[in-house]
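Some notes on the structure that comes next.
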Amino acid sequence: MVDLALQRPLSFIGVDTEFRYRRPPVLLGRGKEVYDIRSIHPLLLSIALVEPCRDGGYQVYPFVVDVRDPGIAAVLHDLFRIPVCFVGHNLKVELFCFWQLGIPAPGFLWDTYIFEKFRILGRYHPQRSASQDDVDVEAIRAKEEILEQKQFRLSLSATCLRYGISHRFSGDKEALQRSFLIHEDDKLFSPAQIEYSAEDAVVAAQLYIPQTLAAVEIGAQDHLNLVEMPWTRTNARIEWNGFRVHEERAREVTAMIETHQQVLKDHLAEMGLENENSHKQILSFFRSLGIHRHFLRDGKYTFSKKVLKKYQELHPAIQLMRDLRRAGDIRSDKIMHLDLIGVDGRVHPQHQQLGTDTGRQTSRWPNILGLDAMLRPIVIPEDGYGIGEADWSQVEVGVAAAVYGDPELLRMYNSGDVYSAMAQRFYSDQIRPEDLSLPGPEFKAKYKKERNRMKLCTLGMIYGISPYGLSDLMEVPRSAAAEILEGFMSMFPTLRNHLSWAVDLGAIRGHATAAGNVRRYRNSRCYLDRGEQNWLKNHPVQGSAAVIFKYAGNRLDRLYKGYGARIIIPLHDSFVFEAPLEHLEQVAEETCTVMLQALREYYPDLEPRVEVNIDAPQCWNKDGETTALQVWLERWTGVIVEEDSSKEEQ
DNA sequence: GAAGAGAGCGCC
DNA sequence: AAAGGGCGCTCTCTTC
């Protein structure tokens with residue numbers, strides 16, 4: 001097979017693998033099963049070599065290889081070095097199989113699953129139910145159906161149907177897939193298993209040309225080849241890399257919280273509240289104290305963190321509730337699930353490419369992108385390695401300035417600290433004249449409140465906030481918020497126009513557009529509600545930032561190879577990396593360079609800044625802060641000791 | 001007992 | 001009438 005592949009003038013190669021896992025799945029409740037990707041056991045590799053014929057058609061040579069043979073990897077090396085495109089449906093698992101076999105990934109990929117996901121971003125988005133009525137069965141069913149439809153559309157058989165390609169096994173695909181999961185080690189494969197396996201590689205190959213045409217039709221072929229498809233490999237590698245967790249520290253934290261939680265819970269129960277998480281119980285508790293009216297918002301009671309903090313002076317129980325909630329959140333974080341540690345001793349969350357409608361990543365099991373900052377020090381490097389992080393400063397503001405072409409916002413972004421520059425202009429009559437040209441960092445320290453208001457306005461502007469929402473955030477009357485917002489927007493007339501055009505054009509066209517022509521589609525042709533108006537404005541910013549992020553990530557993935565370094569967490573606007581200690585500084589420096597270049601390649605008008613943090617390489621952390629969790633726990637413990645003693649005195 | 005909605009919290 | 005974009009996850013409470 002390899003000889004033939006090397007001798008023929010191939011156009012591209014379809015690929016598929018069948019596999020099982022050596023470890024049983026971890027059960028996460030509600031029927032969720034998560035397999036340890038490091039225990040993947042490749043069984044069959046299917047290959048479809050494709051070459052052009054004189055008659056204008058294509059000749060396909062299908063092969064199926066039993067990759068349980070330990071000598072096979074060495075033979076396959078040469079095949080994957082052929083510089084043609086390798087096509088497959090959800091290539092992530094194929095890449096896992098290759099890496100498990102010790103075969104380097106091919107250089108040029110096309111993922112037919114990712115393409116289908118890409119072309120329906122925003123479609124099949126469950127709408128908020130039209131009715132406020134709780135028993136709107138129709139709305140619930142419709143929502144379920146939409147999500148099911150979306151999943152089904154992305155499957156290989158449904159994709160084949162759409163392109164008019166016949167898949168011989170589409171009917172009993174599931175049964176065959178399952179047959180591999182329970183296949184015994186030395187058993188031969190049945191003809192059905194082998195033919196099914198071959199068929200998947202063949203149809204994936206057959207999808208390549210029609211999908212390429214479809215990519216041209218949506219104006220995104222360049223982006224797909226440059227960014228999205230290479231990212232499938234980068235993303236798979238991040239998942240394959242995973243990260244190490246400090247098991248002992250995790251156990252300590254859990255034990256410590258559990259001990260003190262009980263004491264505090266008892267204390268709270270004495271005051272009259274059994275469960276700090278129960279909305280119902282809190283309401284009746286606060287009623288009995290006569291303080292419930294403070295928590296009324298628009299006809300509903302809310303006991304969120306923010307309002308509890310605001311009114312904590314009303315009763316000593318409130319501080320207790322806040323602490324208990326925080327402690328409960330930390331204790332129950334999925335990262336504490338130590339059974340998610342793979343056979344390589346590392347945790348491998350699923351990183352879902354195009355997980356969101358703007359093209360951003362999502363992660364789950366555990367959701368490492370949403371990890372409480374206090375828990376970051378649970379993530380530690382391998383021995384001899386260090387962890388670093390590099391992030392673009394205020395990147396979405398810069399991207400907003402660039403995509404909407406606002407000269408004043410550009411100037412402010414390029415000046416150093418965008419929010420300081422805004423405050424210097426916005427509050428020019430309230431700021432001492434000598435401070436009007438103060439450099440960002442100094443201004444930031446001196447005019448904290450003013451700067452923070454500008455930050456709220458900026459984020460609000462990108463997300464489409466209303467005076468109502470802003471007044472809540474700034475804690476000023478609505479009329480004052482309206483005035484601030486108006487004054488703020490009037491500093492950026494170009495931006496204001498272009499935001500409003502983004503809504504109008506998006507409504508007419510049917511989609512919002514980001515860098516690389518990454519589209520997010522509307523679901524209806526009728527009235528734009530506020531939410532839709534907002535994402536039409538926001539997608540160009542968030543989506544473009546996501547594109548640049550992946551572009552930079554791809555470059556880093558290739559660059560890191562030379563240092564034995566790896567990306568471990570792709571954090572929307574920052575990369576967390578792990579590198580051998582002797583190369584950590586060099587890796588950090590080159591990471592900055594790549595990130596700066598990437599942003600400037602897309603938006604040459606920007607003068608971006610990247611902040612790097614290798615201050616505490618012994619664990620992941622925020623701004624070099626590694627002890628926040630300990631400090632918090634100690635304070636918590638302190639509270640108990642103090643209150644216990646005061647109780648005794650009484 | 002399972003499943004879903006709502007409230008809430010974490011991240012960017 | 002609603003009121004800031006994008007997510008994943010846990011807990012409570014209700015319903016089937």
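Letters A, B, ... mirror the listed sequences (proteins, then strands); counts begin at 1. From a predicted model like this one, the values you see are computed outputs, not experimental measurements. Heavy atoms only: backbone and side chains are in, while hydrogens, waters and symmetry mates are out.
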Handout entry: Distance, P atom - from C/dG4 to B/dA5, rounded to whole angstrom
Key = 24 Å

Problem - OP1 or OP2 of C/dT10 under 4.0 Å from side-chain N/O of A/Arg331 - result: no

Fill in the blank from the handout: The nucleotide from C/dC13, B/dC9, C/dA3 with an atom nearest the side chain of A/Arg530 is C/dA3

Exercise for the section: Measure the distance from CG on A/Asn534 to C1' on C/dG4 and round it to the nearest whole Å. Expected result: 6 Å

Practice task
State whether A/Lys622 places a side-chain N or O below 4.0 Å from either non-bridging phosphate oxygen (OP1 or OP2) of B/dC11.
Solution key: no

Exercise for the section: Using the ring of A/Tyr413 (Phe, Tyr or Trp, six-membered ring only), decide whether A/Arg609 places NZ or CZ under 6.0 Å from its centre and within 45 degrees of its axis. Expected result: yes

Handout entry: Sugar-phosphate, base or nothing in reach of A/Ser574, heavy atoms under 4.0 Å
Key = nothing

Practice task
Report which part of the nucleic acid A/Ala546 touches: base, sugar-phosphate, or nothing (heavy-atom distance under 4.0 Å, all strands).
Solution key: nothing

Practice task
Classify the nucleic acid contact of A/Asp333 as base, sugar-phosphate or nothing, counting any heavy atom under 4.0 Å across all strands shown.
Solution key: nothing

Exercise for the section: Take atom CG of A/Leu485 and atom P of C/dA3, then tell me their distance rounded to the nearest Å. Expected result: 16 Å

Practice task
State which of B/dC12, C/dG5, B/dC9 makes the closest approach to the side chain of A/His572.
Solution key: B/dC12

Practice task
Please check the phosphate of B/dG8 (OP1 and OP2 only) for any side-chain N or O of A/Arg325 closer than 4.0 Å.
Solution key: no

Handout entry: Stacking check A/Tyr463 vs C/dG4 (5.5 Å / 30 deg)
Key = no

Fill in the blank from the handout: Taking C/dT10, C/dT12, C/dG8 as options, the one with an atom nearest any side-chain atom of A/Ser332 is C/dT10

Handout entry: Distance-only polar pair, side chains of A/Ser420 and A/Asp417, donor-acceptor under 3.5 Å
Key = yes

Completion exercise
Per atom distances to the A/Thr362 side chain, the nearest of B/dG8, B/dC11, C/dC7 is C/dC7

Handout entry: Distance below 4.0 Å between A/Ser278 side-chain N/O and C/dC11 OP1 or OP2
Key = no

Exercise for the section: Can you tell me the distance, in whole Å, between the CE atom of A/Met321 and the P atom of C/dT12? Expected result: 13 Å

Exercise for the section: Classify the nucleic acid contact of A/Arg297 as base, sugar-phosphate or nothing, counting any heavy atom under 4.0 Å across all strands shown. Expected result: nothing

Practice task
Would you mind classifying the nucleic acid contact of A/Arg520 as base, sugar-phosphate or nothing, using non-hydrogen atoms under 4.0 angstrom?
Solution key: sugar-phosphate

Completion exercise
Considering only heavy side-chain atoms of A/Phe303, the closest of B/dG10, C/dC7, B/dG8 is B/dG8

Practice task
Give A/Asp472 one of three labels, base, sugar-phosphate or nothing, depending on what nucleic acid heavy atoms sit under 4.0 Å from its own.
Solution key: nothing

Handout entry: A/Lys300 side-chain proximity, nearest of C/dC11, B/dA7, C/dG6
Key = B/dA7

Problem - Residue A/Lys280, side-chain atoms from C-beta onward, closest of C/dT14, B/dC9, C/dG4 - result: C/dT14

Exercise for the section: Could you tell me whether A/Lys306 contacts a base, only the sugar-phosphate backbone, or nothing, with contacts defined as non-hydrogen atoms closer than 4.0 Å? Expected result: nothing

Practice task
Please tell me if the side chains of A/His539 and A/His511 come closer than 4.5 Å, counting only heavy atoms from C-beta onward.
Solution key: no

Completion exercise
In whole angstroms, the gap separating P of B/dC11 from CD1 of A/Ile569 amounts to 14 Å

Practice task
Determine the contact category for A/Leu473: base if any of its heavy atoms lies under 4.0 Å from a base atom, sugar-phosphate if only primed atoms, P, OP1 or OP2 are that close, otherwise nothing.
Solution key: base

Exercise for the section: Would you state whether a donor and an acceptor, one from the side chain of A/Gln542 and one from the base of C/dG5, lie under 3.5 Å apart? Expected result: yes

Practice task
Nearest whole angstrom, please: distance from the P of C/dT10 to the CG of A/Leu324.
Solution key: 19 Å

Practice task
Give a yes/no on whether any side-chain N or O of A/Thr302 is located under 4.0 angstrom from OP1 or OP2 of B/dA7.
Solution key: no

Exercise for the section: Please report the closest heavy-atom contact between A/Phe549 and A/Leu571, naming both atoms and the distance. Expected result: CZ-N, 3.6 Å

Exercise for the section: May I ask you to say what A/Arg364 touches in the nucleic acid, namely base, sugar-phosphate or nothing, with a heavy-atom cut-off under 4.0 Å? Expected result: sugar-phosphate

Handout entry: Side chains of A/Glu389 and A/Asn621, donor plus acceptor under 3.5 Å
Key = no

Completion exercise
Which of B/dC9, C/dT10, C/dG8 is nearest the side chain of A/Lys334? It is C/dT10

Practice task
Starting at atom NE2 of A/His279, determine the distance to atom P of B/dA5, rounded to an integer number of angstrom.
Solution key: 18 Å

Handout entry: Exercise: do A/Glu239 and A/Asn235 side chains pair donor with acceptor under 3.5 Å
Key = no

Practice task
Please work out if A/Ile368 contacts a base, only the sugar-phosphate, or nothing of the nucleic acid, heavy-atom cut-off 4.0 Å.
Solution key: nothing

Problem - Exercise: do A/Gln319 and A/Arg322 side chains pair donor with acceptor under 3.5 Å - result: yes

Problem - Separation of atom CG in A/Asn277 from atom P in C/dC13, rounded to whole Å - result: 9 Å

Exercise for the section: Using distance alone, with no hydrogens and no angle criterion, decide if A/Gln542 and A/Ser544 have a side-chain donor and acceptor under 3.5 Å apart. Expected result: no

Problem - Rounded distance (Å) that lies between atom C1' of C/dC7 and atom CD of A/Gln361 - result: 12 Å

Problem - Distance test, side-chain N/O of A/Trp535 to OP1/OP2 of C/dG4, below 4.0 Å - result: no

Exercise for the section: Quote, to the nearest angstrom, the P distance that separates B/dC9 from C/dA1. Expected result: 28 Å

Handout entry: Distance test, side-chain N/O of A/Asn275 to OP1/OP2 of C/dT12, below 4.0 Å
Key = yes

Practice task
Report yes if at least one side-chain N or O of A/Lys32 is closer than 4.0 Å to OP1 or OP2 of C/dG8; otherwise report no.
Solution key: no

Handout entry: Nearest-nucleotide comparison on DNA chain C, the residue closer to the 5′ end among A/Asn367 and A/Arg360
Key = A/Arg360

